[in-house]
Amino acid sequence: MKKRFMSLVVASVVAAASITGCGSAAGSDTAATTQSTESAAESTESGETTAAGAAFKVGGIGPVTGGAAIYGQAVKNGAQLAVDEINAAGGVNGATLELNFQDDEHDAEKAVNAYNTLKDWGMQMLLGTVTSTPCIAVSEKAKDDNMFLLTPSGSAVDCVKYDNAFRVCFSDPDQGAKSAQYIGENKLATKVAVIYNSSDVYSSGIYQTFAAEAPNQGIEVVSAEAFTADSNTDFSVQLQKAKDAGAELVFLPIYYTEASIILGQADKMGYDPMFFGCDGLDGLLTVEDFDTALAEDVMLLTPFAADAKDDLTQKFVKAYQDAYGDIPNQFAADAYDGIYAMKAAIEQSGVTPDMSASDICDAFKGAMTQIKIDGLTGAEMTWSAEGEPNKAPKAVKIKNGAYTAM
């Protein structure tokens, strides 16, 4: 059980809260950001800092290869962009940040190995892991070491069950309940089918809270069909049951690879309901050999839309494109906000790079409940002692091959 701290929200001066909306504590421009990003490209893998003087050692873990690589690579890029901005603006409390990101291939055992590698390197705080099952495994090690852990996108409840762990994204229960609320409040459908992965904690966790909240929103779950990691290529039975039950909307609390298969098979059988998912669908437009026209009008609950018109988002997107030649997804935004949350916690707690990881963690446990940041994934974000973020949900719809804010 987490210790409960009295929350006193204290605004921290971070880049996301600057008047210009620029993602730097000193309002550094995009040119400086890009130059810093390019100069630090090799340091991401080696852990060597490009700045002189003391540095906080920030570890990162996520899948940069394998089936979930789009998530991990985005987190790696978003985190590095934030680190480079902070360092280019003079660092934090006179020190720089040093990021060392390790690949876990979305595998729990490899994530633990990556954690041990980072620990040997001298990691003082961890941004990770990216996906839930590896995060749960790593959180056990981090708890034993009293290592501060901030997962950008590990949404399973158990990712933050210890008092040293926090998250940037919504938890699975939050995503399920908020999805039902969004569908109900916007009167998208009253008859809903669900297709979920019962072998995955992310998917099954979202489904459970969605099913519990649905009646409160006037939603009837007319069909709820599961699949597993061993049966994730043929969804004809699940789709047929949804169609026969008259589902107007199919809720997909799953990852984008399976969702692409479902959309293709639904099209072939002439079934054209609305489709609604959560953050796991982010990446759908990048699936190899997938006809993105099939994703037209697919909706997903997400805290970030790259086409949003606010200054902070537009400057982040431009800096990200300049640095990496790609449009950032919500995982990149989660990681970016995560690094700035760490910066705010450093400022709030007054920790220094010569402190042990355990002492920094103890200081952060209180500081995280006292900071407030305006980030890409939410305005005036705060955190509870249970590690959960407080921010409003958003939804996007795929239009003309791009995510657009709803």
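What's counted below: heavy atoms across the whole structure, side chains too, no hydrogens, waters or symmetry copies. We count residues from 1, following the sequence as given. Computed from a predicted structure; not experimentally measured.
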Checklist entry - Does one side chain, of T377 or D337, offer a donor that lies under 3.5 Å from an acceptor on the other? => result yes
Checklist entry - Can a cation-pi geometry be assigned to K178 and F170, taking NZ or CZ under 6.0 Å from the six-membered ring centre and within 45° of the ring axis? => result yes
Item to check | Cationic N near anionic O, under 4.0 Å, K110 to D104 | outcome: no
Checklist entry - Mind checking whether Y71 and Y256 have parallel, tilted or perpendicular rings, split at 30° and 60°? => result perpendicular
Item to check | Y115-D145 side chain donor-acceptor pair, cut-off 3.5 Å | outcome: yes
Item to check | Check: S231 side chain, F227 main-chain N or O, donor-acceptor pair, under 3.5 Å | outcome: no
Next on the checklist: Between D307 and T404, is there a side-chain donor-acceptor contact under 3.5 Å, judged purely by atom types and distance?
Outcome noted: no
Next on the checklist: Assess the residue pair F304 and Y336 against the criterion (ring-ring contact (aromatic ring centres under 6.0 Å, His included)); give the C-alpha distance rounded to whole Å, side-chain angles, the decisive distance to 0.1 Å, and a yes or no.
Outcome noted: CA-CA 12 Å; F304 174 77; Y336 183 91; 9.4 Å; no
Checklist entry - Do we see a donor-acceptor contact under 3.5 Å between the side chains of Q102 and T117? => result no
Item to check | Check: Y202 ring centre within less than 6.0 Å of Y255 ring centre | outcome: yes
Checklist entry - Under 3.5 Å, is there a donor-acceptor pair between the side chain of N197 and the main chain of S203? => result no
Checklist entry - Judged by modelled atom types alone, do Q314 and D310 share a side-chain donor-acceptor pair under 3.5 Å? => result no
Checklist entry - Should we count NZ of K141 as having more than 12 external heavy atoms under 6.0 Å? => result no
Next on the checklist: Does D120 have more than 12 heavy atoms from other residues, nucleotides or ligands lying within 6.0 Å of its CG?
Outcome noted: yes
Checklist entry - Okay, side chain of N146, backbone of S358: is any donor-acceptor separation there less than 3.5 Å? => result yes
